[in-house]
Amino acid sequence: MAQKPSIPKGTRDFSPAEVAKRNHIISIVKKHFERYGFQPIETPSFENSETLLGKYGEEGDRLIFKILNSGDFISKVDDVTYSSKNSNSLTPKITEKALRYDLTVPFARYVVMHQNEIDFPFKRYQIQPVWRADRPQKGRFREFYQCDADVVGANSLLQEVELIQLYDAVFTELGLEGTTIKINNRKILYGIAEVIGAQNRLVDFTVALDKLDKIGEQAVKAEMIKKGISESAIAKATPLFGMVGTNEEKLEILKGLLSESELGTEGVEEVKTILTYVEGLGLTSASLQLDVTLARGLNYYTGAIFEVAAPATVKMGSIGGGGRYDDLTGIFGLKDVSGVGISFGLDRIYLVLEELGLFPESLETSLDILCLNFGEKEGAAALKLVSALRSFGLRADLYPSAAKVQKQFKYADKRKVPYVILLGEKELNAGQFIVKDMTTGNQEYYTLNNPEEFFQTL
RNA sequence: GUGGUUGUAGCUCAGUUGGUUAGAGCGCCUGAUUGUGGUUCAGGAGGUCGUCGGUUCGAGACCGAUCUUCCACCCCA
């Protein structure tokens, strides 16, 4: 090797052990998605630029990976644009495709394109990588997996209730105790902005409010002033900052505060309904918490907003999020289709489970039985034995060459194989094979004609 | 995108004010042990010190650029 190879910033290789752990999470997520009636779809890793651009705000556009056109693309650019050296005007002329930034927008595109084939309400799930040209940090990558479940064509708040249950079911089976599902409603945020007279600064207001638990009341107020929100408006919003207590108590405060806002009152009612349902059904490992400061950046949410926080002992950003969007397909020309969905952050959940030691030990075993190789004749017999074991559903393998027994044992040890089979000349002549239990060191004889006898002992 | 931080063997890290041949632990390979792993003992391999350039008689160390890591913003899974 002339020079050491490398991979791009924010990307990762996954070893067999890491893939096993990732698959463990994926299989549980998938199982519960299907249990709740979701069907899988997949979409291309790249879309036409116009499908993605403008859907995530200005910041989002900057983070979208653009794909250079094929062929002699630069000669097709007019001289004025070319010599302007302006990226913003040049980029659209030399890139027509872009890597997907999330799974929700491609899904909306999918729904619109296939609206005549889809049976509504449509519940789909999707587990695929997405790409963002972000600066990497812990738990932040430029290529990462999202696991999304969305329902479109169903307005009922029961969907929100089910999605909360789904979160709880997945985290429970992963063994992750103490997650907090935070819930809020865009209508409440709008109502607050309306009541305090800052509806034209809704986004700035919510983005600042979202930082409350991170930077504190004073800093949030300072940011609001900087964004042009009046002091009198902020003063009216002050009750929000110190809002503590149970979900019911918070709802009462909000109800009073938003009594003059029709939309705000609607939002309060929606949250109340969802909370009541969930309370009736109960959650196993997660707790549901109303959090008025929860804003989430994505602008397309119109109703409920969710975010899942890892257990407080782990320092990690949100491990999931979602919400209701009433008009996502509208941007692609299909009006009046309401959607609601949630997303699991696979890579972050992985880091949390790793930190808490919650991956099952059984994932370390990638092979149940290794049969040692003692030579040509013995190997042939061993191959037959291995085939029989495989037919029982065991993960069995024959060491490929008649290397030193010591070396073969060492290999078995490294691979954490629980059983090793010895089938040498002696055993072959006696029609037997030896099974060594690698944890206890015990060895047992079995007959070659009846490998099932060994299988029954497992 | 802004500001900072990091990079020495496969891994975790030492390396003094710039000065001979860059070290340790773990791991790896070989042997003790030609049919028994995890323990032990002996020996061995492996580094153009992230990369490129500069300062200097001399650079792992100083300077610049670049890539990478992590962190705080921005934003977000």
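Letters A, B, ... mirror the listed sequences (proteins, then strands); counts begin at 1. What you see below is based on every heavy atom in this structure, not just the backbone, and it leaves out hydrogens, waters and symmetry mates.
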Tell me whether A/Phe374 is stacked on the nucleobase of B/G35, counting only the six-membered base ring and applying the 5.5 Å and 30° thresholds. no
Can you tell me how far [atom1] in [N] sits from the matching atom in [M], rounded to whole Å?
N	M	atom1	value
B/U21	B/G27	C1'	25 Å
B/G60	B/U8	P	15 Å
B/G44	B/A24	P	12 Å
B/G43	B/G25	P	12 Å
B/G10	B/A72	P	30 Å
B/C63	B/U2	P	22 Å
B/G53	B/C75	C1'	36 Å
B/A45	B/U16	C1'	30 Å

_A/Tyr145/A/Tyr350 aromatic ring centres below 6.0 Å_ = no
In this structure, is the centre-to-centre distance between the rings of A/Phe33 and A/Tyr125 below 6.0 Å? yes
Between [options], spot the one nearest the side chain of [X], thanks.
X	options	result
A/Glu427	B/C74, B/G35, B/U36	B/G35
A/Met438	B/G37, B/A77, B/C75	B/G37
A/Pro136	B/U69, B/C71, B/G35	B/U69

Tell me whether A/Lys221 is salt-bridged to A/Glu217, with the criterion being a basic N under 4.0 Å from an acidic carboxylate O.
yes
Q.
Quick test of your reading of the model: are A/Asp150 and A/Arg124 salt-bridged, counting only N-O distances below 4.0 Å?
A. yes
Have a look at [X] and say if it touches a base, only the backbone sugar-phosphate, or nothing, with a 4.0 Å heavy-atom cut-off.
X	answer
A/Gly10	sugar-phosphate
A/Thr439	base
A/Lys416	nothing
A/Leu422	base

So side chain to side chain donor-acceptor pair (under 3.5 Å) across residues 416-437 of chain A, not counting sequence neighbours, yields A/Asp437-A/Thr439
A/Arg142 CZ to B/A77 C1', in whole Å, measures 16 Å
Could you walk me through whether A/Ile349 and A/Val170 pass the side chain to side chain contact (heavy atoms under 4.5 Å, CB included) check? CA-CA 11 Å; A/Ile349 292 169; A/Val170 168; 5.9 Å; no
Sorted by number, residues from residues 57-64 of chain A placing a heavy atom under 4.0 Å from RNA chain B are A/Glu59, A/Arg62
Within residues 29-42 of chain A, those residues having any heavy atom closer than 4.0 Å to RNA chain B are none
Between A/Phe171 and A/Phe344, is the ring pair (Phe, Tyr, Trp, His ring centres under 6.0 Å) condition met? List the steps.
CA-CA 10 Å; A/Phe171 290 125; A/Phe344 290 82; 5.6 Å; yes
Discussion item. Hydrogens and angles aside, do A/Arg415 and A/Ser366 bring a side-chain donor and acceptor to less than 3.5 Å of each other?
Written reply: yes
Counting primed atoms, P, OP1 and OP2 as sugar-phosphate and everything else as base, the B/S/- map of nucleotides 26-34 of chain B against protein heavy atoms under 4.0 Å is --S--S-B-
Note: for A/Thr440 and A/Lys9 on RNA chain B, the residue whose nearest nucleotide lies more 5' is A/Thr440
Taking for A/Gly424 and for A/Phe344 the nucleotide of RNA chain B with the nearest heavy atom, the one nearer the 5' end belongs to A/Gly424
Pairs under 3.5 Å (Watson-Crick or G-U), crossing ones as [ ], inter-strand ones as |: RNA chain B comes out as ((((..(..((((.....[...)))).(((((.......))))).....(((((..]....))))))..))))....
Between A/Arg324 (side chain) and A/Leu157 (backbone), is there a donor-acceptor pair under 3.5 Å?
-> no
With no hydrogens and no angle check, is any side-chain donor or acceptor of A/Arg348 less than 3.5 Å from a backbone partner on A/Ile319?
no
- Task: State whether the distance check finds a donor on one side and an acceptor on the other, under 3.5 Å, for side chain A/Arg135 versus base B/U69.
- Result: no
Under 3.5 Å, sequence neighbours excluded: what are the donor-acceptor pairs made by side chains of residues 375-388 of chain A?
residue, atom, partner, partner atom, Å
A/Ser387, OG, A/Leu383, O, 3.0

